[in-house]
Structure formats: structure tokens, C-alpha cells
Q: 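Mind looking over this structure? Questions follow.
Just so you know, ligand 1 is whichever comes first in the structure, and atom 1 is the first atom listed for that ligand.
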Amino acid sequence: MLAGKHIILGICGGIAAYKSVYLLRLFVKAGAEVQVVITPAGKEFITPVTLSSLSGKPVISEFFTANTGSWNSHVDLGLWADAMVIAPATASTIGKMANGIADNMLVTTYLSAKAPVFIAPAMDLDMFAHPSTQRNLQLLREYGNHIIEPASGELASHLVGKGRMEEPENILKAVEEFFAQGQDLAGLKIMVTAGPTREKIDPVRYIGNYSSGKMGYAIAEECAVRGAEVTLISGPVSIKARHHRINVVYVESAQEMHDAAVSAFPGCDAAVMCAAVADYAVENYAAHKIKREHDEVPVIRLRKNPDIAAALGAMKRKGQLLVGFALETDNGVANATEKLHRKHLDFIVLNSPNEPGAGFMTDTNRVTIIDRDGASREYELKDKRLVARDIIDVMKEMME
Ligand code: PMT
């Protein structure tokens, strides 16, 4: 599974650093090429000599190599990697990663990495349970990183609780499982739209919606991991695409998303329209901030935005597959089916903003997939990454 894969192994300063040696051996045995990046504190726990002997590469810790003065490029490293695994990840490094404090080579490389990132925390139980650590881990989860939960057991302090770094075999398994999905989309070009759009009212206000981008980004990541080249057209979101095969085109308004999608679609084999697009734009945009002091309450006039999915449906050529979403509060199946046919989609993914754990912002979703023959498949509530897998499995099935 990992043969030929490029893995950055990030090691922080914690007693569990000794386990990273085993993890490094496991990665190398699995056929991966491993570049170790260690924090200055990490070197207090494990020597670079041990690590470089096992990886066959000099260990990177500083921005510059002392004897030659040559620069270690975190950008190149970030692009080189198929995965970055930070094990052990200390509370301090987790905090820096969550808040973008790039004061060492490991965090700088993390911020430049486009590949999926796996984080295996290791620390004392009270540090792990502290609200700031939990908040930082939640932030990292929201940014799309994979957190490999620590186990419970005896800790370096001799206290017993949650904070032991997961065993190297299980970390290897988590990374292998991620890649196990195969490369069944290799050679395909897929476009995904994600997130909300914003329609400006004046220079400081806009009409928007609650889309976080999580569903669309999960779909883009699923496609990239399975080997596709992905163009992700994204509205403004706070999460980051984590794969080097994802090319993100950032847009703001529905018109900008339309223009980007219409230009990318002809070169694609398939498109998944997951963005929550504003149906209306503001016709009377105010070039200056609207003042509260006016006697009259301002009137915002709206005009229809282009329907992006329908535009792509009209230009779709034979062999291209177009997938839409339907976010419905009532009459879900009937409304979704109407959209499926009107927009010339190949299938539509129905979800509801009213259902707990589904729709906007949540990490989970519950969807029903409806195809042009009226056949529907209902799925249970699950993580958006797994929902993405179900959708892409159906897409792949239809392409065969
Ligand atoms: O981003 P998250 O927080 O993870 O939330 C995910 C989600 C709820 C946004 C997502 O699962 C979802 O349902 N996306 C579609 C939302 C939507 O706009 O649905 P709709 O029923 O209004 O639109 C139907 C389809 O037409 C969609 O594929 C939409 O992208 C597309 N559309 C809509 C309007 C428009 N002007 N152009 C479009 O292309």
C-alpha cells in the first residue's frame, strides 16, 4: 500500500519519541520513502543519527544546514509528500499547528504540506484533557487533518489515563487504510464545487449561507486520494484542501463560481456540484457603506444568479458525468428529482438542513442518492469523509 509513497515523519519532544523509531522502521519496511523532520526538543529524546540511519536520509531540524548554509525548503518538502505523519505530537506543537505559529521546521513544513496529515498526540492526561489542547485538536480536525487518538494507559508521569501515543503498528494501519482505497480514479479529471457564495450588499456586508465547505472538500479529497486530478472551485471557507492533486480555485460570488466552473468543465470527466450557491445577487450594490443614520430603511433589490449546475448540464458532452446536490427542507425526493431532470444531472445527492447531524457545518451527513431512473439509495448518518466515499463509489460505478 505504501510502496513508493513519500512520507514526512514529524517528531516532537516527548518521551514517546522512542516509538517513532519503530514507526519509521515500519514505514520503510512497507516500502515508503521517509523524510524525518524533528523539532529541536525532539532531538533531546532521540538522536538524528538513529533516525537518519533507518531512513537513509539526513534528518531535517533547522531551516539552514549549519556546515553548508544551504536552505531546507519546507515548500518543496510539503509538495514532495504524499502524507505527513506527526508522531508524537506534543501539546505545544499541536497548539502551534492550530494557530499557524511557524517557528520551527516541522510546523513550517506542516503549513506548506498539501498532502493528508496524520497527527498522533502524546502527552500527560491532564495536558491532553485541557480545554486548550482539545480546542486546538478540534481546530486541526476542522482543517481536515486526521487525528489518531491517543490510547489510555500508564504515562511517563506514572499516572494512568488518556495520552499514550497510539502504537506504531496502529499508526501505520491508519495511514495504510487511508491509501487502501486504491487508485481507481487515476487518469480522471474531476471538478468539485464547495462552500458558500457571497453576494455583496455594500463594501462591508454580504448575503451568504452556512456552508462550511466540509462536504465538498471531503469529496475533493476522496477523488484526489483515489488518483484523480481535482479542480476544487471553492467559496470562502476556513478549511484547507489537503492533497497535492487538488488545485483550488477560490471564488466569492455565484457569478465568479459560474465563470470558473464553465471554464474548467470542458476539460473534466466529471463534476460534483456541492456548493451552496446563492440563488440571488444584489442588484443595487452600494459602493459606499450603507449608513444606519438614514431615515429610510434601505431596500435591497435582488436579481437571479446563473444556475451553474444547469449551465454545465446544458454543455455536458457524451461521457461526462454531472452530479448535483439538493438541500431540501420539505418534499425532499420530489424536489430533488425535479432538479435532477431540470439540470440534466446524472444523479443527485439529497440532504436536509433540518436533520440533526446532517447538512451544513456538521462533520456528518445523511444522504439519499437518486438517479435518473428514479432508483434511490438511502445511507445512514456518517462522517462526511465516508459520505464522500459513497458518492464517489456511485459515480465510479456509473462511469464504468
Ligand atoms: O459545506 P457544508 O457545511 O459541509 O454543507 C454541505 C452542504 C449542505 C452545503 C451540501 O451537502 C449541499 O447540500 N450542497 C448543495 C446546497 C444547495 O445549494 O442545494 P440546492 O438544492 O439549492 O441546489 C441544487 C444544486 O444546484 C446543487 O448542486 C447546487 O450546487 C446547484 N446550484 C444551485 C444554485 C445555483 N445558482 N447554481 C447551482 O449550481
Q: Under 3.5 Å, is there a donor-acceptor pair linking the side chains of Ser253 and Tyr206?
A: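 The answer is no; no qualifying pair exists.
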Q: What's the verdict on side-chain contact (heavy atoms from CB on, under 4.5 Å) for Arg164 and Lys19, showing C-alpha distance, side-chain angles and the deciding distance?
A: CA-CA 11 Å; Arg164 275 171 70 90; Lys19 288 194 197 170; 4.1 Å; yes
Q: If you take the nearest heavy atom of each of Lys384, Met273, Arg342, Lys343, which one is closest to atom 26 (O) of ligand 1?
A: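 Nearest heavy atom to atom 26 (O) of ligand 1 lies in Lys343.
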Q: Please evaluate residues Lys173 and Glu177 with respect to the criterion salt bridge (Lys or Arg N to Asp or Glu O under 4.0 Å), reporting the C-alpha separation (whole Å), side-chain torsions for both, the decisive distance (0.1 Å), and the verdict.
A: CA-CA 6 Å; Lys173 212 157 104 197; Glu177 271 173 11; 5.0 Å; no
Q: Check step by step if side-chain contact (heavy atoms from CB on, under 4.5 Å) holds for Leu327 and Asn351.
A: CA-CA 5 Å; Leu327 186 66; Asn351 57 178; 3.4 Å; yes
Q: Identify the closest protein heavy atom to atom 39 (O) of ligand 1: which residue and atom is it, and at what distance?
A: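 Residue, atom and distance for the closest contact: Ala309 N, 2.8 Å.
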Q: Give me the residue, atom name and distance of the protein heavy atom closest to atom 22 (O) of ligand 1.
A: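 The closest heavy atom on the protein side is Lys339 NZ, 4.0 Å.
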Q: Report, in ascending order of atom number, the atoms of ligand 1 lying under 4.0 Å from any heavy atom of Gly213.
A: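 Here the atoms of ligand 1 in question are 1 (O), 2 (P), 3 (O).
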Q: Just wondering, more than 12 heavy atoms not from Lys382 lying within 6.0 Å of its NZ?
A: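 More than 12 heavy atoms, drawn from other residues, nucleotides or ligands, come within 6.0 Å of this atom.
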Q: Which of the atoms in ligand 1, numbered in the order shown and given with their element, are less than 4.0 Å from a heavy-atom of Met361?
A: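 Near Met361, the atoms of ligand 1 are 2 (P), 3 (O).
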Q: So if I apply the side chain to side chain contact (heavy atoms under 4.5 Å, CB included) rule between Cys223 and each of Ile246, Leu232, Leu185, Val272, which one comes out positive?
A: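 Among Ile246, Leu232, Leu185, Val272, the one meeting side chain to side chain contact (heavy atoms under 4.5 Å, CB included) with Cys223 is Leu185.
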Q: Would you say that more than 12 heavy atoms from the other residues, nucleotides or ligands in this model lie under 6.0 Å from the NZ of Lys162, or not?
A: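 Check passes, neighbour count above 12.
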Q: When you look for heavy atoms under 4.0 Å from ligand 1, do you find them on the side chain of Pro353, its backbone, both, or neither?
A: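 Neither part.
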Q: Considering residues at least two apart in sequence or located in another chain, which fulfil the ring pair (Phe, Tyr, Trp, His ring centres under 6.0 Å) criterion with His6?
A: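 Scan of His6 (ring pair (Phe, Tyr, Trp, His ring centres under 6.0 Å), adjacent residues dropped) gives Trp80.
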Q: Please report the C-alpha distance between Arg226 and Asp184 in whole Å, then the side-chain angles of each, then the deciding distance to 0.1 Å, and finally whether the salt bridge (Lys or Arg N to Asp or Glu O under 4.0 Å) criterion is met.
A: CA-CA 6 Å; Arg226 287 165 69 161; Asp184 59 342; 2.8 Å; yes
Q: Which atoms of ligand 1 are found less than 4.0 Å from any heavy atom of Gly324?
A: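 The list of qualifying atoms is 28 (O).
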Q: Between Ala275 and ligand 1, which part of the residue brings a heavy atom under 4.0 Å of the ligand: side chain, backbone, both or neither?
A: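 The answer is the backbone.
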Q: For atom 18 (O) of ligand 1, what's the nearest protein heavy-atom neighbour? Residue, atom name and distance, please.
A: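 Looking at atom 18 (O) of ligand 1, the protein heavy atom closest to it is Ala276 CA, 3.5 Å.
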Q: Which atoms from ligand 1 have a heavy atom of Lys214 less than 4.0 Å away?
A: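 Those of ligand 1 that fall under 4.0 Å from Lys214 are 1 (O), 2 (P), 4 (O).
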Q: What's the shortest distance from atom 14 (N) of ligand 1 to any protein heavy atom, and which residue and atom give it?
A: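 The protein heavy atom lying closest is Cys274 O, 2.8 Å.
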Q: Where's the contact between Asn305 and ligand 1, heavy-atom distance under 4.0 Å: side chain, backbone, both or neither?
A: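 Neither part.
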Q: Could you check which of Phe325, Tyr280, Phe360 puts a non-hydrogen atom nearest to atom 15 (C) of ligand 1?
A: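 Comparing heavy atoms across Phe325, Tyr280, Phe360, the nearest one to atom 15 (C) of ligand 1 lies in Phe325.
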Q: Can you label the angle between the Phe178 ring and the Phe118 ring as parallel, tilted or perpendicular, going by 30° and 60°?
A: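 Rings of Phe178 and Phe118: perpendicular, as their planes differ by over 60°.
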Q: Can you list the ligand 1 atoms lying under 4.0 Å from a non-hydrogen atom of Ala326?
A: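 The atoms of ligand 1 under 4.0 Å from a heavy atom of Ala326 are 21 (O).
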Q: Starting from atom 13 (O) of ligand 1, what is the nearest protein heavy atom, named by residue and atom, and what distance separates them?
A: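 Atom 13 (O) of ligand 1 sits closest to the protein heavy atom Asn351 ND2, 2.9 Å.
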Q: Numbering the atoms of ligand 1 from 1, which are under 4.0 Å from a heavy atom of Met215?
A: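 With Met215 as reference, the close atoms of ligand 1 come out as 4 (O), 6 (C), 11 (O).
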Q: Does a side chain donor of either Gln138 or Arg141 reach within less than 3.5 Å of an acceptor in the other side chain?
A: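 Yes, a side-chain donor-acceptor pair sits under 3.5 Å.
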Q: Around atom 36 (N) of ligand 1, find the nearest protein heavy atom and jot down its residue, atom name and distance.
A: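 Atom 36 (N) of ligand 1 sits closest to the protein heavy atom Pro306 O, 3.1 Å.
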Q: For atom 34 (C) of ligand 1, what is the nearest protein heavy atom, given as residue, atom name and distance?
A: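 Answer, as residue, atom name and distance: Asp279 OD1, 3.3 Å.
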Q: Got a sec: does the OH of Tyr379 have more than 12 other heavy atoms crowding it under 6.0 Å?
A: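 Yes, OH of Tyr379 has more than 12 neighbouring heavy atoms, counting only those of other groups under 6.0 Å.
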Q: What protein heavy atom is closest to atom 37 (N) of ligand 1, reported as residue, atom name and distance in Å?
A: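 That would be Ile308 N, 3.0 Å.
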Q: Quick one: which ligand 1 atoms are inside 4.0 Å of a heavy atom on Asp307?
A: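 With Asp307 as reference, the close atoms of ligand 1 come out as 35 (C), 36 (N), 37 (N), 38 (C), 39 (O).
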